[in-house]
Amino acid sequence: HAKRQGDGRHIHSTPNLLQTYELSAGIEQDLQRAVMKGEFTLNWLPVIDTASEKVVSFEALARWHRPGYGDISPDIFISCAESAGLIEQVDGWVLAAACREAASWEQALGVSVNISPVWISHNRLPSLLRRVLDETGLDPTRLQIELSERVPFGSDGMTRRELSQVRAMGVRLALDDFGTGYSCLGLLGTYPFDQVKLDSQFVQAIGRDRRAEAITRGVLQMVQSLGMTSCAEGVETEEQLAFLDAHGCEEIQGYLIGRPIPRLPRQVGSVRAMDQA
Ligand code: C2E
Ligand code: MG
Ligand code: MG
Ligand code: MG
């Protein structure tokens with residue numbers, strides 16, 4: 001067992017299967033404890049209206065400092081939580097914390113929360129939302145739920161009814177990471193999404209890959225024809241912003257606009273205002 005060989009070097013080399021197993025077994029126990037004790041924190045990623053460059057909302061992103069290991073990427077702990085059956089609790093914690101914080105903001109900005117599609121179709125999201133909105137007093141129209149298509153969705157009537165209930169409450173729905181996962185285009189026709197979030201992979205191809213650019217233009221047009229809005233993720237350059245603006249992408253987010261921050265400045269106006277804060 002590599003960890004007991006004593007020279008420490010093995011820890012940094014590519015883990016073998018057994019080590020991977022041991023690490024993930026440990027992570028599950030630690031996640032379980034983190035869920036019980038609420039060891040997570042939030043970061044906020046600003047979203048702007050492309051045309052006016054005004055901040056319209058913030059996306060809540062979960063952060064976990066794993067004791068003895070440091071900060072673990074959400075890509076890792078979220079998928080661990082999904083396979084360990086803990087994701088509903090993690091998402092529930094994030095939802096409640098995000099709504100509570102948003103309700104205390106000076107400005108009535110939008111708030112987006114990621115919910116894993118893994119626990120959709122059991123009809124537990126509508127009641128959780130009702131409870132959280134009730135407890136925090138947040139106006140439901142300020143809340144958007146993002147469902148990533150990285151994980152397969154139930155394609156059944158159950159999922160559709162559940163999402164329709166959420167929307168009937170006034171909460172908005174977004175399809176996240178569009179174009180990277182299980183996006184059969186049918187999802188857009190079947191489920192009541194308000195917004196499509198174009199994955200950063202497409203944004204990063206702007207100015208580099210003509211074919212990917214053509215897909216991006218086509219997706220933006222299709223989303224608009226379906227009566228939904230688009231938000232592009234991972235915008236890092238002015239060139240990407242200009243392209244997205246020219247092709248009708250209503251909202252954007254990314255490091256060009258702002259990095260995730262643990263706390264909002266007192267007044268949130270334009271992007272430049274945030275830079276100075
Ligand atoms: P996402 O929902 O697509 O969130 C956007 C991710 O892109 C965030 O990574 C953000 O920090 C990163 N990002 C934003 N702008 C840029 C940019 O300009 N360049 C680059 N390279 N990256 C940018 P993060 O925070 O590591 O989150 C990763 C994913 O973890 C999220 O992707 C989301 O799918 C998932 N996640 C985070 N929090 C939660 C949660 O509470 N529940 C669930 N189910 N999933 C979550
Ligand atoms: Mg998201
Ligand atoms: Mg996303
Ligand atoms: Mg993404």
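Quick note: numbers below take in every heavy atom, side chains included, and nothing from hydrogens, waters or symmetry partners.
Note on Glu149 versus Lys197: no salt bridge recorded, every NZ/NE/NH1/NH2 to OD/OE distance being 4.0 Å or above. Arg150 and Asp199 are joined by a salt bridge, as a carboxylate oxygen and a charged side-chain nitrogen come within less than 4.0 angstrom of each other. Taking a cutoff of 4.0 Å between a charged side-chain nitrogen and a carboxylate oxygen, Arg66 and Asp30 qualify as a salt bridge.
Using a 4.5 Å heavy-atom cutoff, the side chains of Leu163 and Leu147 are in contact. For the pair Val56/Ile48, no side-chain contact is recorded, criterion being any heavy-atom separation below 4.5 Å from C-beta on. Side-chain contact between Tyr255 and Pro260 is present, with at least one heavy-atom pair separated by less than 4.5 Å. Residues Asn114 and Ile78 have side chains not in contact (no heavy-atom distance under 4.5 Å, counting atoms from C-beta outward). Within the 4.5 Å cutoff, the side chain of Cys231 has heavy atoms near those of the Gln253 side chain. Taking the side chain as every heavy atom from C-beta outward, Leu109 and Val268 approach each other to under 4.5 Å. Within the 4.5 Å cutoff, the side chain of Leu95 has heavy atoms near those of the Leu129 side chain. Counting heavy atoms from C-beta outward, Leu198 and Cys249 have side chains that stay 4.5 Å or more apart.
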Checklist entry - Step by step, would you call Tyr191 with Leu173 a side-chain contact (heavy atoms from CB on, under 4.5 Å)? => result CA-CA 9 Å; Tyr191 296 128; Leu173 287 173; over 6 Å; no
Item to check | Derivation of the side-chain contact (heavy atoms from CB on, under 4.5 Å) call for Val47 and Val55 | outcome: CA-CA 6 Å; Val47 179; Val55 177; over 6 Å; no
Item to check | Step-by-step side-chain contact (heavy atoms from CB on, under 4.5 Å) determination, Gln204 to Glu236 | outcome: CA-CA 8 Å; Gln204 258 123 51; Glu236 293 181 354; 4.0 Å; yes
Next on the checklist: Would Arg142 and Asp139 count as a salt bridge (charged side-chain N to carboxylate O under 4.0 Å, His left out) here? Give the steps.
Outcome noted: CA-CA 6 Å; Arg142 288 178 56 195; Asp139 177 350; over 6 Å; no
Item to check | Evaluation steps, side-chain contact (heavy atoms from CB on, under 4.5 Å), between Phe40 and Val90 | outcome: CA-CA 8 Å; Phe40 304 98; Val90 175; 3.9 Å; yes
Item to check | Intermediate values then yes/no, side chain to side chain donor-acceptor pair (under 3.5 Å), Gln195 and Glu251 | outcome: CA-CA 10 Å; Gln195 181 169 84; Glu251 295 178 3; 3.1 Å; yes
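Once rounded to the nearest 0.5 Å, the distance linking CD of Gln224 with OG1 of Thr229 reads 10.0 Å. Between the CG atom of Asp245 and the CD atom of Gln240 there is a distance of 13.5 Å, given to the nearest 0.5 Å. Rounding to the nearest 0.5 angstrom, the gap separating the CE atom in Met228 from the CG atom in Leu220 is 11.5 Å. Here the CD1 atom belonging to Ile257 is positioned 8.0 Å from the OG1 atom belonging to Thr50, to the nearest 0.5 angstrom. Leu125 CG to Met169 CE: the interatomic distance, rounded to the nearest 0.5 Å, is 8.0 Å. Between atom CE of residue Met222 and atom OG of residue Ser225 there is a gap of 8.5 Å, rounded to the nearest 0.5 Å.
When all heavy atoms of Ala103 and Leu138 are compared, the pair lying nearest together is N-CD1, 3.8 Å. Among all heavy-atom pairs drawn from Ile27 and Cys80, the shortest one is CG2-SG, 3.6 Å. Residues Glu233 and Asp177 come closest through the heavy atom pair OE2-OD1, 3.1 Å. The two atoms that bring Thr190 and Arg160 nearest to each other are O-CD, 3.1 Å, heavy atoms only. When all heavy atoms of Phe77 and Leu31 are compared, the closest pair comes out as O-CD1, 3.8 Å. For the residue pair Phe202 and Ile215, the shortest heavy atom distance occurs at CE2-CG2, 3.7 Å.
By the 30° and 60° cut-offs, the orientation of the rings of Phe58 relative to Trp44 is perpendicular.
In this structure Glu239 satisfies the salt bridge (charged side-chain N to carboxylate O under 4.0 Å, His left out) test with no other residue, sequence neighbours excluded. The side chain to side chain contact (heavy atoms under 4.5 Å, CB included) test applied to Glu135 returns Arg131, not counting sequence neighbours. With sequence neighbours left out, the salt bridge (charged side-chain N to carboxylate O under 4.0 Å, His left out) criterion links Arg63 to no other residue.
Listed by first and then second residue, the ring-ring contact (aromatic ring centres under 6.0 Å, His included) pairs involving residues 210-249 are Phe243-His247 (not counting sequence neighbours). Residue pairs meeting the side chain to side chain donor-acceptor pair (under 3.5 Å) criterion with at least one member in residues 164-173, sequence neighbours excluded, are Asn123-Gln165, Gln144-Arg172, Arg167-Asp194. Pairs of residues two or more places apart, or lying in two chains, that qualify as side chain to side chain donor-acceptor pair (under 3.5 Å) and include a residue from residues 83-99 are Glu88-Arg124, Asp91-Trp119.
Checked by atom type, the side-chain pair Ser116/Glu82 shows a donor-acceptor distance below 3.5 Å.
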